[in-house]
Amino acid sequence: MSLLLKGGTVVTHEETYQADILCEDGVISQIGSNISTPADTKVLDVTGKLIMPGGIDPHTHMQLPFMGTVAKDDFASGTIAALAGGTTSIIDFVIPNPQQPLLEAYQQWREWSAKSYANYSFHVAITWWDDSVSQDMETLVKDHGVNSFKHFMAYKNAIMATDDILVASFSKCLELGAVPTVHAENGELVYHLQHKMIAEGITGPEGHPLSRPPLVEGEAANRAINIAGTLGAPIYLVHVSTAEAVDAIRYAKDHSQIVFGEVLAGHLTVDDSVYQNPDWETAAAHVMSPPFRPKYHQDALWKGLQAGTLQTTATDHCAFCSEQKAMGKDNFTQIPNGTAGVEERMMVLWEHGVNSGRISANEFVALTSTNTAKIFNIYPRKGCIRVGADADLVVWNPEASKTLSAATHQSNIEHSIFEGMTIHGLPETTICNGKLAWHQGELLAQSGEGKYIERPPYAGYYDTLQKRQELNTPKAVSR
Ligand code: DUC
Ligand code: ZN
Ligand code: ZN
């Protein structure tokens, strides 16, 4: 069945105009006025509504086995939450155990994700190194549509990538035309400070941000950027949460390096006062890494988005319920790290970005889908409204409003970091692969209808990178 959206205002990352949109066979087949309606077409009147590309969340962890438990939202509940919030694609993470073959882990995550309601793709984490890892990276890029690899600079004695691994893996990424990404926190410092806090008797959630202060992120961000810069590789920093990391990215970009920065809806709007909550459960519900920061960092993050220093918004959706959080009742280092947000990301960005006047509606589109699609090389198939693009769309009602709450969200957990936040302007209908997937509060998509998104290697900037590198490479002297 085809779908015709009639009477709406199309908003892309670069323009806003009135047009109808016809979706056929999963793609946008016509954009214009007076489109004749093919037989068997559902017509949706979207007068007064905005039509934007469906959101792409480049950072989620559905069903992640982590810190002795498994995240509560799996690829079913997590992608239902995504659709409810106007997000039609997620990029999740395959995280192999150290010594586990990358391809084995990748196959495991593909099995888990087969029940997805929305589209999905995978970054693959590099948690150890030998020749087989290098070989598997090549196979993942060439045969499985993976074009980005993640490096955790924290989580010592678990999944941390040390400098030797960063150097080897970033070099391999450059060779393959893949994007290295980093969770930038100095794992040695975190380890040291966690032990110090516990030794001093600080065992509650308030110890979490004390063990991961802003400089811990600033140091790792600078190190990752400098390693990538030395090798001539691009670099993408996930969940940038501090002014120090924004400064590091800005400095590197000013010096002709190709650096991308992602920010979470949570870090833009929630501050570290949450860890002082006298209710242990509420404070623990906010334990994620990097932690929420003193308020002044939010200003740096918004300015980073406005200036183009940061280009994407994400959530790090990794949902743990109260019972799971209680694993760290006597020791904050045992509280599973993670918060939810895949449903709320676009609404929070709309309210605190567009409604507050920090960003335009077109910038909102760039920051919630288009830039991610470009960086991870799925543009203009995704993140775009044009003929031939995938029909992944969100119909936004700028007049509707609601107050966010765990009582009404789709996620499988009983708390929300956005509890009580009122949003003016809501996703009303989500269209995924040309079909109504979520409409006025009702799930219409089926499990398994989400499609795996292959992301080819090489984004345009690799050409530029190589030329820049040549410009900066001294030539051998002939004697
Ligand atoms: N941070 C989290 O809070 N959860 C999952 C992984 C991560 O890096
Ligand atoms: Zn992370
Ligand atoms: Zn993460």
Side-chain angles (χ1 to χ4, degrees), residues 57-74 78 82 90-97 109 120-127 148-161 166 180-187 189-191 194 205 207-209 211-212 216-217 220-221 224 235-242 245 260-267 270 272 274-275 283-293 312-321 324-325 327-328 332-342 345 372 376 411 413 415-417:
D57 187 335
H59 190 154
T60 66
H61 300 282
M62 306 307 174
Q63 212 168 321
L64 177 67
F66 191 55
M67 295 183 71
T69 185
V70 178
K72 272 279 160 184
D73 279 326
D74 60 11
I90 59 170
I91 313 182
D92 206 275
F93 293 82
V94 171
I95 306 185
N97 292 318
W109 259 263
Y120 55 96
S121 194
F122 290 111
H123 311 281
V124 176
I126 303 302
T127 55
S148 50
F149 293 92
K150 167 81 173 282
H151 308 79
F152 289 90
M153 297 172 77
Y155 302 114
K156 180 176 159 76
N157 295 332
I159 53 177
M160 181 167 97
L166 300 183
T181 79
V182 287
H183 167 132
E185 285 188 301
N186 182 313
L189 282 171
V190 173
Y191 185 80
Q194 284 182 330
H208 180 65
S211 68
R212 310 177 98 101
V216 161
E217 179 175 325
I235 183 91
Y236 177 102
L237 285 83
V238 308
H239 51 45
V240 172
S241 72
T242 60
F260 304 106
E262 167 196 284
V263 63
L264 307 185
H267 285 134
V270 179
D272 65 346
V274 293
Y275 300 115
H286 290 85
V287 168
M288 65 155 309
S289 296
F292 296 108
R293 302 297 189 183
T312 66
T313 58
T315 59
D316 206 355
H317 186 102
C318 188
F320 294 108
C321 68
Q324 292 173 305
K325 292 280 182 181
M327 291 164 67
F332 72 85
T333 69
Q334 306 301 312
I335 301 171
N337 285 203
T339 55
V342 72
R345 177 185 65 124
T372 290
F376 294 110
S411 169
I413 59 173
H415 42 254
S416 165
I417 58 169

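Both ligands and their constituent atoms are indexed starting at 1 by order of listing.
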Participant: Is it true that some N/O/S atom of His239, main chain or side chain, lies under 2.8 Å from the Zn ion (ligand 2)?
Facilitator: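 Short answer: yes, at least one N, O or S atom is under the cut-off.
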Participant: Let me check your reading of the structure: within less than 2.8 Å of the Zn ion (ligand 3), is there an N/O/S atom from His183?
Facilitator: no
Participant: Is there a donor-acceptor contact under 3.5 Å linking the side chains of Gln324 and Thr69?
Facilitator: yes
Participant: Between Phe292 and His267, is the ring centroid distance below 6.0 Å?
Facilitator: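 Distance test on ring centres: under 6.0 Å, yes.
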Participant: Can you tell me which residue and heavy atom of the protein come closest to atom 4 (N) of ligand 1, and the distance to 0.1 Å?
Facilitator: Asn337 O, 2.9 Å
Participant: Apply side-chain hydrogen bond (donor to acceptor under 3.5 Å, both in side chains) to the pair Thr315 and Arg345, showing each step before the final yes or no.
Facilitator: CA-CA 7 Å; Thr315 59; Arg345 177 185 65 124; over 6 Å; no
Participant: Could you say whether the N/O atoms of His61 and ligand 1 ever approach to under 3.5 Å?
Facilitator: no
Participant: Between Ala319, Gly266, Ala154, Ser289, flag the one that comes closest to atom 3 (O) of ligand 1 by a heavy atom.
Facilitator: Ser289
Participant: Can you name the N/O/S atom of His59 that is nearest the Zn ion (ligand 3)?
Facilitator: NE2
Participant: For ligand 1, which part of His183 has a heavy atom less than 4.0 Å away: the side chain, the backbone, both, or neither?
Facilitator: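 It is the side chain that touches ligand 1; the backbone stays farther off.
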Participant: Please find the N/O/S atom of Asp316 nearest to the Zn ion (ligand 3) and write down its name.
Facilitator: OD1
Participant: Check Thr339 against ligand 1 and report side chain, backbone, both or neither, counting heavy atoms closer than 4.0 Å.
Facilitator: neither
Participant: Can you tell me the protein heavy atom closest to atom 7 (C) of ligand 1 and the distance?
Facilitator: Tyr155 OH, 3.3 Å
Participant: Could you tell me whether the side chain of His208 reaches within less than 4.5 Å of the side chain of Ser289, counting heavy atoms only?
Facilitator: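 Yes, close enough: below the 4.5 Å cut-off.
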